[in-house]
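In what follows, a single structure is set out as structure tokens and then discussed.
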Amino acid sequence: MYFFLSNLSVIDIGFSSSVVPKILANTLSVDKSISFLGCATQLFFHLALGGTECLLLAVMSYDRYIAICKPLQYSSVMNNQFCLILAVGCWVTGFGNAVILTFFTFKLSFCRSNHVEHFFCEMPPILQLSCEDISFSEIVKYISVVLIAVGSFLLILLSYMCITLAILQIRTTNQRLKTFSTCGSHLAVVLVFYGTVLFMHLRPPYSYFPRQDRVLAMLYTVVIPMLNPIIYSIRNKDIKHSVQKMIKVHLF
């Protein structure tokens, strides 16, 4: 669990860092431009880390499913080697997918405008600037979203369905409510993250609304990475105990 949490923390730091510094710079500066290479780099890391997080959240839900539904088999199933393979698979798949999407985005000709109707370089508003037929790039994007985002989301829902059935079999009401509370907070963050991502990237091109989409993009690029440490760490007993112990040592 802590191994996957450490991967998630690295992803969230990188995911926000690929966007937030430029937003702050644009807020304080008169010049709000970004170079072509800078825009491509920002899009690549945004797609790579976003895709990796989608896959990692699915892996974490599978980890919780094994821990709750098959506790006696947990150590043998989720061994160090298997966890490492899952994590590396998430990173390689996420970055490989980003290479493909970035290539099919920036191979287009851009002759309409150089004004991106967004606070960072994201695929839908960039495709709107192309003067070529973007249907093939859109198809590639839809395939990518279905395989990575929708596939991961369905695996998470399946895992939580099995977890819920296992929780309902717990006899103690307090323990059942406690487990439901923890799983509920995890599921809430997952629903917001996947909901905004799927809404942004599975819509047809003509339904793009710049103002509305800026708010939605802010949810999964800034708000969700900020909530993840609270949901996955502060509510964890071991981490909470370690933080309290560290505070006592420094204060007293």
Side-chain angles (χ1 to χ4, degrees), residues 1-19 45-70 74 77-78 82-98 101 122-123 141 143-167 179-202 216-236 239:
M1 181 182 65
Y2 295 111
F3 173 69
F4 293 130
L5 284 175
S6 63
N7 277 266
L8 182 65
S9 65
V10 172
I11 291 172
D12 282 338
I13 291 171
F15 196 45
S16 295
S17 298
S18 67
V19 175
F45 281 104
H46 178 74
L47 291 172
L49 294 169
T52 305
E53 180 161 354
C54 284
L55 295 169
L56 187 65
L57 289 173
V59 169
M60 291 174 68
S61 70
Y62 176 73
D63 176 70
R64 282 193 293 275
Y65 159 73
I66 297 295
I68 294 174
C69 299
K70 300 181 179 180
Y74 182 79
V77 174
M78 301 302 292
F82 186 56
C83 289
L84 183 62
I85 291 173
L86 289 175
V88 171
C90 291
W91 285 92
V92 171
T93 305
F95 275 74
N97 175 67
L101 291 179
E122 194 172 25
M123 207 168 168
K141 183 187 73 171
I143 293 173
S144 170
V145 173
V146 169
L147 290 177
I148 292 182
V150 176
S152 300
F153 185 60
L154 292 177
L155 180 60
I156 290 172
L157 290 181
L158 180 62
S159 298
Y160 273 106
M161 285 174 60
C162 296
I163 289 171
T164 302
L165 292 175
I167 292 173
T179 312
F180 262 127
S181 175
T182 304
C183 292
S185 58
H186 293 173
L187 190 58
V189 173
V190 165
L191 288 174
V192 174
F193 178 76
Y194 280 97
T196 52
V197 168
L198 294 178
F199 180 78
M200 285 288 294
H201 294 284
L202 283 181
L216 293 174
M218 186 69 73
L219 282 175
Y220 69 87
T221 56
V222 179
V223 177
I224 297 300
M226 181 181 66
L227 289 178
N228 277 338
I230 299 173
I231 299 300
Y232 289 100
S233 298
I234 294 178
R235 298 197 62 170
N236 183 284
I239 295 178

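Note that these values count all heavy atoms, side chains included, but never hydrogens, waters or copies made by symmetry.
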Original post:
Mind checking what makes side-chain hydrogen bond (donor to acceptor under 3.5 Å, both in side chains) contact with Ser144, not counting sequence neighbours?
Top reply: Asn97
**OP:** Count the heavy atoms of every other residue, nucleotide or ligand shown that sit under 6.0 Å from CZ of Phe95, and state whether that count exceeds 12.
**Re:** yes
**OP:** Run the numbers on Val19 and Val222 for side-chain contact (heavy atoms from CB on, under 4.5 Å), then give the verdict.
**Re:** CA-CA 9 Å; Val19 175; Val222 179; 5.6 Å; no
So which heavy atom on [X] is nearest to which on [Y], and how close?
| X | Y | result |
| --- | --- | --- |
| Tyr194 | Glu53 | OH-O, 4.5 Å |
| Phe3 | Cys83 | CE2-O, 3.4 Å |
| Leu55 | Ser152 | CD2-OG, 3.5 Å |
| Arg64 | Tyr160 | NH2-OH, 2.8 Å |
| Ile13 | Ser17 | O-OG, 2.6 Å |
| Phe4 | Met60 | CB-CG, 3.7 Å |

Distance, nearest 0.5 Å, that separates [atom1] of [X] from [atom2] of [Y]:
| X | Y | atom1 | atom2 | answer |
| --- | --- | --- | --- | --- |
| Asp12 | Asn7 | CG | CG | 11.0 Å |
| Leu56 | Leu8 | CG | CG | 5.5 Å |
| Phe199 | Leu219 | CZ | CG | 11.5 Å |
| Ile224 | Phe15 | CD1 | CZ | 10.0 Å |
| His201 | Met123 | NE2 | CE | 8.5 Å |
| Ile167 | Cys162 | CD1 | SG | 11.5 Å |

Original post:
Is Thr196 reaching over with its side chain to a backbone N or O of Phe193, donor-acceptor style, under 3.5 angstrom?
Top reply: yes
Original post:
Would you say Ser16's side chain and Thr221's backbone share a donor-acceptor pair under 3.5 angstrom?
Top reply: yes
Original post:
Would Cys54 and Phe153 count as a side-chain contact (heavy atoms from CB on, under 4.5 Å) if you check the C-alpha gap in whole Å, the side-chain angles of each, and the deciding distance to 0.1 Å?
Top reply: CA-CA 8 Å; Cys54 284; Phe153 185 60; over 6 Å; no
Subject >> Chi angles and distances behind the side-chain contact (heavy atoms from CB on, under 4.5 Å) call for Val59, Cys90 >> reply: CA-CA 9 Å; Val59 169; Cys90 291; 3.6 Å; yes
Subject >> Intermediate values then yes/no, side-chain contact (heavy atoms from CB on, under 4.5 Å), Val10 and Trp91 >> reply: CA-CA 11 Å; Val10 172; Trp91 285 92; 4.0 Å; yes
